[in-house]
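Report on the following structure.
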Amino acid sequence: YLIFHAALGLWVVEGLTPDRRVLVRLRWTVLACALLVVLTLPFVSTASPATVIDDPALVASSWAACVAIATAGAHRRIRRRHLEAATLDLRRSTNARLEPQRATR
């Protein structure tokens with residue numbers, strides 16, 4: 001259930017307008033989850049499939065790893081979408097400035 005909640009949260013974040021604050025918060029989320037993985041991984045006591053659900057450190061580290069990977073992917077998609085929009089706007093504004101100069105020649 002925790003991974004589903006994180007996925008829904010990231011889905012909502014990806015629908016937001018690409019803002020610098022959103023990108024910074026996503027970066028901090030990736031770093032926080034990576035830190036949680038590093039801090040909880042030494043306390044994992046079992047890797048047996050039968051008892052893996054009873055190990056809170058393994059559950060926390062696997063949840064944090066999943067959220068970190070998904071958040072990094074969301075950050076990349078939002079940033080790419082933001083850069084594509086900026087590139088398209090730059091082309092449009094450059095063409096608009098050049099058109100009057102061509103008409104006068």
Side-chain angles (χ1 to χ4, degrees):
Y1 291 116
L2 293 175
I3 292 177
F4 289 131
H5 288 129
L8 286 173
L10 289 172
W11 177 67
V12 169
V13 167
E14 282 192 43
L16 298 175
T17 57
D19 188 10
R20 180 172 167 79
R21 291 178 296 161
V22 171
L23 293 173
V24 169
R25 288 179 182 155
L26 286 175
R27 268 188 244 135
W28 277 107
T29 304
V30 170
L31 290 174
C33 287
L35 182 65
L36 183 62
V37 169
V38 169
L39 291 176
T40 57
L41 211 53
F43 298 104
V44 172
S45 62
T46 184
S48 171
T51 58
V52 82
I53 197 68
D54 297 327
D55 191 2
L58 188 59
V59 171
S61 64
S62 62
W63 176 81
C66 289
V67 171
I69 292 168
T71 305
H75 179 272
R76 183 173 183 213
R77 283 191 297 274
I78 290 172
R79 187 158 190 266
R80 181 180 295 161
R81 201 170 50 214
H82 177 66
L83 290 175
E84 286 174 358
T87 304
L88 293 175
D89 289 342
L90 179 63
R91 288 180 187 162
R92 189 176 306 131
S93 64
T94 304
N95 289 338
R97 283 186 301 180
L98 294 178
E99 288 301 323
Q101 293 174 357
R102 290 181 187 162
T104 59
R105 289 186 181 177

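Reckoned from all heavy atoms, side chains included, excluding hydrogens, waters and symmetry mates. We're numbering straight along the sequence, starting at 1.
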Practice task
Looking only at non-hydrogen atoms, find the nearest pair between Cys33 and Ala64 and report the distance.
Solution key: CB-O, 3.3 Å

Exercise for the section: Sequence neighbours left out, what passes side-chain contact (heavy atoms from CB on, under 4.5 Å) with Ser61? Give chain and number order. Expected result: Thr40, Leu41, Val44, Leu58

Practice task
Provide the full list of salt bridge (Lys or Arg N to Asp or Glu O under 4.0 Å) pairs with a residue in residues 58-77, sequence neighbours left out, each pair given once.
Solution key: Glu14-Arg77

Problem - Set of side-chain hydrogen bond (donor to acceptor under 3.5 Å, both in side chains) partners for Arg27, sequence neighbours left out - result: His75

Handout entry: Set of residues satisfying side-chain hydrogen bond (donor to acceptor under 3.5 Å, both in side chains) with respect to Arg25, sequence neighbours excluded
Key = none

Practice task
Each residue besides Phe43 in its hydrophobic cluster should be listed here, by chain and number; the cluster joins Ile, Leu, Val, Met, Phe, Trp and Tyr at side-chain heavy-atom distances under 4.5 Å.
Solution key: none

Problem - Residues clustering with Leu35 (ILVMFWY side chains joined when closer than 4.5 Å, directly or via others) - result: Leu39

Exercise for the section: Please name all residues satisfying side-chain contact (heavy atoms from CB on, under 4.5 Å) with Ala34, sequence neighbours left out, ordered by chain then number. Expected result: none

Exercise for the section: Could you list the residues that satisfy side-chain contact (heavy atoms from CB on, under 4.5 Å) with Thr46, not counting sequence neighbours? Expected result: Ser48, Thr51, Asp55

